[in-house]
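The first residue in the sequence is number 1, and the count goes up from there. None of these values were measured; they are calculated from a predicted model. All values below come from the heavy atoms of this structure, side chains included, with hydrogens, waters and symmetry mates left out.
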Amino acid sequence: MSVEQVKKINMNFVFLNQICLLASYGQNDFSHLGFDEHKVQRLLSMSPQELERFAGALGETFLRIDITPLDRVFSGVTLLPDICKAFLEYGASNRAMKDILNISFSTSTRWRRHVVVNPKFKQRTLPADSYQPVWDLLMKLSNPYKPQPEELIRIADECQVSIGAIWCDILEEVNNHGKK
């Protein structure tokens with residue numbers, strides 16, 4: 001193969017060829033990539049030339065691949081515990097992450113870049129009409145001033161307010177005696 005031929009290799013062909021190679025070695029589940037068994041079998045039935053033409057027909061657009069795990073490794077986020085991810089998704093502040101989960105500010109900041117937060121969980125203070133419902137739910141807990149992470153997630157979800165707002169407006173004051 002000449003250098004010019006190598007430069008013209010379609011990335012879709014490389015990707016599809018890799019799927020065929022893995023399937024021929026016994027890996028059968030490619031559903032996480034959007035390939036059901038029927039699609040994989042169609043690819044396997046193609047000759048290398050047919051596969052290359054098929055990939056070329058897809059155009060210049062590279063097939064969508066979720067590179068989030070690769071991005072996490074490159075940025076040092078190799079293990080994001082589920083509870084931390086959920087806390088961040090519900091708008092936990094760095095202070096809440098530190099005080100409740102003992103996660104450093106720098107780690108929280110780094111992880112935050114890899115979590116999508118719904119805009120309704122981005123508020124940093126409780127809306128006036130949410131304060132009493134949050135307070136009532138907290139008071140029903142066995143330890144209302146030191147709730148478990150799962151309990152805070154449930155309250156944030158039920159009241160549609162951020163964990164950061166709950167922590168800032170209610171719990172931080174109680175737990176740190178007003179010292180921030």
Say you draw a straight line from CG of Leu152 to CG of Leu141; how long is it, rounded to the nearest 0.5 Å?
8.0 Å

Could you pull out all residues at least two apart from Gln132 that satisfy side-chain hydrogen bond (donor to acceptor under 3.5 Å, both in side chains)?
Asp136

Give a yes or no on whether Asn143 atom CG has more than 12 heavy-atom contacts from other residues, nucleotides or ligands under 6.0 Å away.
yes

Glu37 vs Phe30, side-chain contact (heavy atoms from CB on, under 4.5 Å): CA-CA, chis, key distance, verdict:
CA-CA 8 Å; Glu37 187 176 331; Phe30 295 97; over 6 Å; no

Phe35 and Val40 have their tightest heavy-atom pair at CB-CG2, 3.9 Å

Less than 4.5 Å apart, side chain to side chain, heavy atoms only: is that true for Leu171 and Leu138?
yes

Minimum-distance pair of heavy atoms, taken over all atoms of Pro81 and Trp111
CD-CH2, 3.6 Å

Do you know the tightest heavy-atom contact between Lys122 and Val117?
CE-O, 3.4 Å

Atom OH in Tyr90, atom CD1 in Ile163: separation rounded to 0.5 Å?
8.0 Å

Side-chain donor-acceptor contacts of residues 101-108 below 3.5 Å, not counting sequence neighbours, with atom names and distances?
from	atom 1	to	atom 2	distance (Å)
Asn102	OD1	Lys98	NZ	3.3
Ser104	OG	Ser106	OG	3.4
Ser104	OG	Thr107	N	3.2
Ser104	OG	Thr107	OG1	2.9
Ser108	OG	Ser104	O	3.2

Per the salt bridge (Lys or Arg N to Asp or Glu O under 4.0 Å) rule, what does the pair list look like for residues 149-159, sequence neighbours excluded?
Arg154-Glu158

Are any of the side-chain heavy atoms of Ile153 and Glu89 separated by less than 4.5 Å?
no

Taking ILVMFWY side chains as joined if any heavy atoms are under 4.5 angstrom apart, and letting links pass through other members, which residues group with Val116?
none

Does Arg112 reach the main-chain N or O of Ala92 with its side chain, forming a donor-acceptor pair under 3.5 Å?
yes

Could you walk me through whether Arg124 and Cys168 pass the side-chain contact (heavy atoms from CB on, under 4.5 Å) test, one step at a time?
CA-CA 7 Å; Arg124 290 293 161 226; Cys168 179; 6.0 Å; no

Got Asp169 and Val134 here, is their nearest side-chain heavy-atom distance under 4.5 Å?
no

For Ser130 and Cys159, the nearest pair of non-hydrogen atoms, with its separation, is OG-O, 4.4 Å

With sequence neighbours excluded, tell me which residues meet side-chain hydrogen bond (donor to acceptor under 3.5 Å, both in side chains) with Gln41.
none

List the steps and the verdict of side-chain contact (heavy atoms from CB on, under 4.5 Å) for Met139 and Tyr145.
CA-CA 8 Å; Met139 291 303 112; Tyr145 300 116; 3.8 Å; yes

Would you compute the distance between atom CD1 of Ile166 and atom OG1 of Thr125 and round it to the nearest 0.5 angstrom?
12.0 Å

For Leu44 and Cys20, work out which heavy atoms get closest and say how close.
CD2-O, 3.5 Å

On a heavy-atom basis, which atom in Glu50 and which in Ser47 lie closest, and how many Å separate them?
OE1-N, 2.7 Å

Let me confirm one number: the CG-CG distance from Leu51 to Asn17, rounded to the nearest 0.5 Å.
6.0 Å

Rounded distance [0.5 Å steps], OG in Ser24 versus CG in Leu22
7.5 Å

CG of Leu16 to CZ of Phe54: how many Å apart, nearest 0.5 Å?
6.5 Å

Is there a side-chain contact (heavy atoms from CB on, under 4.5 Å) between Ile170 and Tyr131? Walk through the geometry before answering.
CA-CA 9 Å; Ile170 298 176; Tyr131 191 93; 3.6 Å; yes

Which hydrophobic side chains are connected to Leu21, either touching it within the sub-4.5 Å cutoff or through other members that do?
Tyr25

Backbone N or O of Gln123 within a donor-acceptor pair of the Ser162 side chain at under 3.5 Å?
yes

